[in-house]
Amino acid sequence: MPRLSELPSNLRHHVGWWVRDRFPNRKVVREVQGVTMVLPWPHRLPDYAGNGPYGQNLVQLARALAEHAAPVTVLDVGANVGDSALQILDATDARILCVEADPYFLEYLHLNVDADPRVSVVEALLTPDGHTEATTAVRTGGTTRFAEGEADDALPTVTPARLLADHPDFGDLRLIKSDTDGYDVVLVPAITEAWGGARPVLFFEYDHRLSRLAGNDPLEVWPRLQKLGYRDVAVWGNGGDVLGRTTVEAIAERTAPLEEKVGVRAQNYWDVAVVHEDDAAGLAAIEKLVPASQQLG
């Protein structure tokens with residue numbers, strides 16, 4: 001029988017994940033792209049990140065925005081273990097409001113950020129309105145999606161308007177990051193509407209499959225954002241590689257790589273950053289990371 005180290009890397013990862021998944025409550029300390037954090041042993045982040053660009057687009061965007069006005073104020077929706085917050089704070093001057101609902105990841109989030117006064121944590125599921133059905137957490141590896149559940153295990157919820165009312169010191173919000181496995185396409189416009197004239201830069205995970213699994217149409221997000229005055233879009237692959245620039249008006253015609261087709265494997269998802277048409281500093285930030293000359297194919 002071959003040793004684990006002799007197996008192909010992809011198979012080796014899956015075997016390692018299977019073993020680690022047997023110990024979901026084991027805490028480990030890992031350095032991820034130069035930042036130390038506490039993680040549950042099964043968490044996939046160290047495997048995905050490695051020494052590559054995974055997740056660094058958000059960090060670079062926050063740093064570019066801070067060059068125009070610091071500290072940059074960030075709303076981190078789906079904060080998970082606090083990895084994004086930790087990496088942003090390691091890279092630049094920021095204040096971060098983390099929203100996380102899953103009790104499992106909340107333990108690690110508090111371990112990672114509670115000692116830093118620049119971070120506030122809200123223990124709730126952010127929902128577009130107050131009419132969300134009872135919801136429970138469904139965990140896979142290092143992420144959580146939320147599905148309809150029983151009332152006795154329902155997670156506490158908060159609307160964007162309530163969140164802003166409870167945290168007026170984030171009224172000048174500069175950057176919204178959302179990673180909620182399929183709910184981003186309805187949450188991001190709702191948050192943007194609640195924050196009104198702040199016109200934050202929007203950074204979210206754009207996933208057709210998970211959006212539809214959650215009962216949301218992924219294409220409806222673009223006309224909603226266009227009505228709110230958003231125009232320019234920077235796009236990265238799910239590994240953090242730059243794919244190019246487009247607009248909210250044109251992007252729907254370019255999403256074919258995200259669609260499942262018989263015999264064709266779809267890209268998992270895109271990371272997108274969307275900038276308001278009147279936000280010159282935001283446009284300068286994404287231009288620095290993804291030049292307009294590099295158009296999305």
Side-chain angles (χ1 to χ4, degrees), residues 35 37-38 55 57-66 68-103 105-130 132 137 143-144 146 155-181 183-184 186-205 228 271 273-276 279 281-282 285:
V35 178
M37 59 189 72
V38 183
N57 44 11
L58 173 63
V59 177
Q60 293 164 359
L61 178 58
R63 184 166 49 210
L65 291 171
H68 292 272
V72 61
T73 48
V74 182
L75 175 60
D76 184 356
V77 183
N80 200 265
V81 298
D83 50 293
S84 294
L86 289 174
Q87 293 199 326
I88 289 172
L89 291 169
D90 182 68
T92 194
D93 187 13
R95 292 191 304 112
I96 304 179
L97 181 60
C98 292
V99 182
E100 176 57 53
D102 189 340
F105 290 121
L106 273 167
E107 178 183 3
Y108 295 89
L109 176 60
H110 283 295
L111 286 170
N112 283 320
V113 306
D114 278 0
D116 195 322
R118 297 171 295 176
V119 183
S120 301
V121 174
V122 176
E123 298 185 5
L125 180 67
L126 188 63
T127 62
D129 54 50
T132 302
T143 189
T144 303
F146 296 95
L155 299 164
T157 62
V158 63
T159 63
R162 181 73 260 169
L163 186 66
L164 175 57
D166 290 344
H167 298 274
D169 52 324
F170 281 87
D172 61 344
L173 191 62
R174 194 66 189 95
L175 175 61
I176 294 170
K177 168 259 176 180
S178 180
D179 181 357
T180 57
D181 284 7
Y183 291 94
D184 309 280
V186 291
L187 273 178
V188 169
I191 299 167
T192 307
E193 289 167 356
W195 255 264
R199 298 171 182 167
V201 175
L202 316 174
F203 182 96
F204 59 97
E205 185 179 287
L228 292 169
D271 284 335
V274 191
V275 176
H276 194 276
D279 183 2

[X] versus [Y]: any side-chain heavy-atom pair under 4.5 Å?
X      : Y      : value
Leu58  : Ile88  : yes
Val121 : Glu100 : no
Asn57  : Phe203 : yes
Val274 : Phe204 : yes

Is Lys177 paired with Asp271 through a side-chain N to carboxylate O contact shorter than 4.0 Å?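 The answer is no: the pair does not qualify as a salt bridge.
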Identify the two heavy atoms, one from [X] and one from [Y], that lie closest to each other, and give their separation to 0.1 Å.
X      : Y      : answer
Pro117 : Ala115 : CD-O, 3.5 Å
Gly171 : Ala198 : O-CB, 3.8 Å
Ser178 : Val188 : CB-CG2, 3.8 Å
Ala124 : Thr157 : CB-C, 4.1 Å
Ala194 : Pro160 : CB-CB, 3.6 Å
Pro128 : Val186 : CG-CG2, 4.0 Å

Rounded distance (nearest 0.5 Å) linking atom [atom1] of [X] with atom [atom2] of [Y]:
X      : Y      : atom1 : atom2 : value
Asp169 : Leu97  : CG    : CG    : 8.0 Å
Arg95  : Arg174 : CZ    : CZ    : 14.0 Å
Trp195 : Thr73  : CH2   : OG1   : 9.5 Å
Leu187 : Asp179 : CG    : CG    : 11.0 Å
Leu86  : Asn112 : CG    : CG    : 5.0 Å
Met37  : Leu109 : CE    : CG    : 11.5 Å

Under 3.5 Å donor-acceptor, His68 side chain and Gly282 backbone: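 Pair absent, no side-chain N/O of His68 close to backbone of Gly282.
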Assess the residue pair Asp181 and Glu205 against the criterion (side-chain contact (heavy atoms from CB on, under 4.5 Å)); give the C-alpha distance rounded to whole Å, side-chain angles, the decisive distance to 0.1 Å, and a yes or no. CA-CA 8 Å; Asp181 284 7; Glu205 185 179 287; 3.5 Å; yes
For Leu126 and Ile191, run side-chain contact (heavy atoms from CB on, under 4.5 Å): C-alpha distance rounded to whole Å, both residues' side-chain angles, the deciding distance at 0.1 Å, then the answer. CA-CA 9 Å; Leu126 188 63; Ile191 299 167; 3.5 Å; yes
Set out, in order, the CA-CA distance, both residues' side-chain angles and the distance that settles side-chain contact (heavy atoms from CB on, under 4.5 Å) for Leu75 and Phe170, then state yes or no. CA-CA 8 Å; Leu75 175 60; Phe170 281 87; over 6 Å; no
Quick one: do the Glu123 and His110 side chains pair a donor with an acceptor below 3.5 Å?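 A pair is found: one side chain offers a donor N or O, the other an acceptor, under 3.5 Å apart.
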Can you check side-chain contact (heavy atoms from CB on, under 4.5 Å) on Leu65 and Thr92, steps first, answer last? CA-CA 10 Å; Leu65 291 171; Thr92 194; over 6 Å; no
